[in-house]
There are 2 protein chains.
Amino acid sequence: MVATERISLKEQQLRLKEAVILQAVNGLLAQKGYDLMTVDQVAAEVGIAKPSLYKLFDSKEALAGAAMVRLLGRALDVVHAQPADAPALLKLRALLRWAVEEQLRGEMPRLPSTRSSLRDALMRNDEYVRRLNELGEALSGWISAAQQAGDLAADLPVELVLFILFARTCDPVVDYLKLGGAFSDAEIVDLLERSTFAGLTGGPLAPLPGGR
Amino acid sequence: MVATERISLKEQQLRLKEAVILQAVNGLLAQKGYDLMTVDQVAAEVGIAKPSLYKLFDSKEALAGAAMVRLLGRALDVVHAQPADAPALLKLRALLRWAVEEQLRGEMPRLPSTRSSLRDALMRNDEYVRRLNELGEALSGWISAAQQAGDLAADLPVELVLFILFARTCDPVVDYLKLGGAFSDAEIVDLLERSTFAGLTGGPLAPLPGGR
DNA sequence: GTCTATACGAGGATAGAC
DNA sequence: GTCTATCCTCGTATAGAC
């Protein structure tokens with residue numbers, strides 16, 4: 001049916017344009033953060049005019065929200081890519097490593113951490129909340145499992161471990177180390193992983209299987 | 001001499017007003033962060049008009065800079081208050097606990113972590129840079145000493161430990177735990193201290209002397 | 001359905017009265 | 001030496017032409 005094919009083609013073009021826009025937003029959020037990112041910059045980077053952006057996204061907040069939904073989607077992809085039978089601790093470590101690598105690649109969007117209008121807007125974004133809950137529940141399950149396996153301190157609240165993992169995704173330590181220039185990206189990933197799980201007093205972690 | 005006393009009195013009044021202003025700026029920076037803090041809010045909170053603020057401070061950046069200089073001064077006070085003969089690890093732990101308590105009291109200013117014009121302005125603030133270096137050198141000494149005493153992992157770069165301690169002063173985990181409401185302030189301090197030094201896999205830390 | 005051109009508000013900074 | 005009233009820039013958002 002020609003009509004549906006046309007619609008499908010338009011749909012595809014639309015999705016493609018949205019993807020390009022969200023990629024640009026993602027990069028700008030990673031580079032400058034929400035407050036310093038301007039809609040003009042997004043439009044310039046994509047190569048379209050500002051009003052065309054506002055046809056697809058209602059506001060700057062909606063733009064950032066869509067970028068965060070995309071980020072959570074990528075995180076969930078990484079979660080689902082973990083082998084189901086792998087030890088929970090290894091899955092948590094792999095996720096942390098991915099998050100640090102994203103930061104080093106400059107593809108981890110930064111939001112204002114303090115209470116802002118953006119935070120409220122995100123919490124009103126159903127898809128964002130849904131994915132955030134899904135991610136939180138998956139990680140909480142892994143955390144409990146790792147504790148029962150004796151690989152994580154069993155007397156730490158699951159909540160705390162979850163918050164710490166989330167917080168490491170925007171840890172300024174990564175930027176500091178990168179700016180310092182004394183370490184390679186691979187070394188930074190290892191240092192963040194080790195200091196998060198073993199702390200400042202513990203020794204090196206057991207190497208990950210697969211030789212990474 | 002009357003003239004000098006008059007000048008001294010004016011000086012004192014000026015210092016007092018500056019102190020009140022900086023306290024207000026400090027609170028607003030802690031509550032909203034630099035970008036969301038407006039100069040109007042500062043003026044309103046102090047109870048003076050905006051032009052009076054601009055008589056004392058050249059710009060919003062200068063205002064934030066002075067607040068950060070004040071913060072570094074308080075941090076250095078805590079550093080100097082540590083007994084010189086105490087184990088270095090205990091001094092580091094005490095400083096971290098102080099930083100978390102400041103956050104819980106809502107008195108730890110938040111700056112935009114990413115690259116911003118403010119960061120450049122701070123680096124051009126001589127007094128800020130001087131105090132930051134002084135603090136960094138004091139802590140680096142403690143870190144090396146703790147490593148030689150076998151209380152910190154000796155194979156971690158001093159730089160990394162220093163950055164991690166700095167980063168914990170604006171760790172969103174504190175906010176998350178506070179908002180969650182499941183823990184008392186004292187518990188939050190303990191959890192942050194433990195997770196920083198022992199990580200997620202390590203057991204409880206040895207209690208601090210003095211029964212805190 | 002994309003752009004030019006503009007309205008509108010917010011916030012940093014200042015002139016000038018008292 | 002403090003306030004009222006104002007300016008100017010910038011950034012979000014939109015109306016209207018093509």
Side-chain angles (χ1 to χ4, degrees), chain A residues 6-21 24-25 28-29 31-67 111-112 114-122 124-125, chain B residues 6-22 24-25 28-29 31-67 111-112 114 116-122 124-125:
Chain A
R6 264 192 205 150
I7 291 175
S8 172
L9 181 59
K10 268 194 182 175
E11 270 292 321
Q12 271 196 337
Q13 287 176 337
L14 190 71
R15 298 286 172 192
L16 182 63
K17 183 193 277 186
E18 279 187 3
V20 172
I21 292 172
V25 171
L28 285 169
L29 282 181
Q31 187 190 340
K32 325 190 130 193
Y34 178 76
D35 290 315
L36 271 62
M37 178 190 84
T38 72
V39 179
D40 296 78
Q41 290 167 345
V42 178
E45 184 133 330
V46 177
I48 61 176
K50 211 169 14 173
S52 308
L53 268 187
Y54 276 96
K55 288 281 182 190
L56 285 171
F57 298 93
D58 287 343
S59 63
K60 183 185 176 183
E61 283 179 352
L63 217 45
L111 301 182
T114 59
R115 174 160 283 280
S116 69
S117 61
L118 182 60
R119 176 122 195 115
D120 299 341
L122 284 176
R124 269 182 268 107
N125 183 327
Chain B
R6 265 194 202 147
I7 291 174
S8 171
L9 180 60
K10 268 194 182 172
E11 269 292 323
Q12 270 194 337
Q13 288 177 335
L14 189 71
R15 298 286 171 194
L16 181 64
K17 182 192 280 186
E18 280 187 2
V20 172
I21 292 173
L22 287 188
V25 172
L28 285 170
L29 281 181
Q31 188 192 339
K32 324 190 132 195
Y34 178 76
D35 290 315
L36 271 63
M37 178 190 84
T38 71
V39 179
D40 297 76
Q41 290 167 344
V42 178
E45 182 139 335
V46 177
I48 62 176
K50 205 164 30 166
S52 307
L53 268 186
Y54 277 96
K55 289 281 183 190
L56 286 171
F57 299 92
D58 288 343
S59 64
K60 183 184 177 185
E61 284 179 352
L63 216 48
L111 300 184
T114 59
S116 70
S117 61
L118 181 59
R119 175 122 196 116
D120 299 342
L122 284 177
R124 269 182 267 108
N125 184 326

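Letters A, B, ... are given to chains in the order of the sequence lines, protein chains preceding strands, and every chain is numbered from 1.
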Exercise for review: Please examine the side chains of B:P112 and A:L36, heavy atoms only from C-beta on, and report whether any two atoms are closer than 4.5 Å.
Suggested key: no
Point to revise | Length of the line joining A:D35:CG and D:dT12:P, which is rounded to integer Å | key: 10 Å
Review point. Atom CG of B:L36 to atom P of C:dG11: distance rounded to whole Å?
Key: 9 Å
N/O-N/O pairs, protein side and nucleotides 14-18 of chain D side, under 3.5 Å:
none

**Study point:** A:K32 (side chain) donor-acceptor with A:T38 (main chain) under 3.5 angstrom
**Key:** no
Check your understanding: D:dC10 C1' sits how many Å from A:K32 NZ, rounded?
Key -> 13 Å
Check your understanding: So how far is it from B:E45 CD to B:Q31 CD, rounded to the nearest 0.5 Å?
Key -> 8.0 Å
Practice item. Could you check how far CG of B:L63 sits from C1' of C:dA13, rounded to whole Å? Key: 13 Å
Practice item. Compare the minimum distances between each of D:dT12, C:dC3, C:dG12 and the side chain of B:K60, then state the nucleotide with the smallest one. Key: C:dG12
Review point. Quick one: A:L118 CG to D:dT12 P, roughly how many Å, whole number?
Key: 13 Å
Review point. Of the candidate nucleotides C:dA13, D:dC3, C:dT2, which contains the atom at the shortest distance from the side chain of A:K17?
Key: C:dT2
Point to revise | side-chain contact (heavy atoms from CB on, under 4.5 Å) between A:F57 and A:V25, worked out | key: CA-CA 12 Å; A:F57 298 93; A:V25 171; over 6 Å; no
Exercise for review: Apply the test side-chain contact (heavy atoms from CB on, under 4.5 Å) to residues B:Y34 and A:D35: give CA-CA distance (whole Å), side-chain angles for both, the deciding distance (0.1 Å), then the verdict.
Suggested key: CA-CA 11 Å; B:Y34 178 76; A:D35 290 315; over 6 Å; no
Check your understanding: How far apart are the C-alpha atoms of A:Q13 and A:K17, what are their side-chain angles, what is the distance that settles it, and do they pass the side-chain contact (heavy atoms from CB on, under 4.5 Å) test?
Key -> CA-CA 6 Å; A:Q13 287 176 337; A:K17 183 193 277 186; over 6 Å; no
Review point. Looking at D:dT12, C:dG11, D:dT4, which one has an atom nearest to any side-chain atom of A:V39?
Key: D:dT12
Point to revise | Nucleotide C:dA13, atom P - distance to CG of B:L56 in whole Å | key: 15 Å
Check your understanding: When the distance from CD of B:Q41 to C1' of C:dG12 is rounded to whole Å, what number comes out?
Key -> 13 Å
Check your understanding: Is there side-chain contact between B:E61 and B:N125, with heavy atoms separated by less than 4.5 Å?
Key -> no
Review point. Separation of B:D40 atom CG from C:dG9 atom C1', in whole Å?
Key: 13 Å
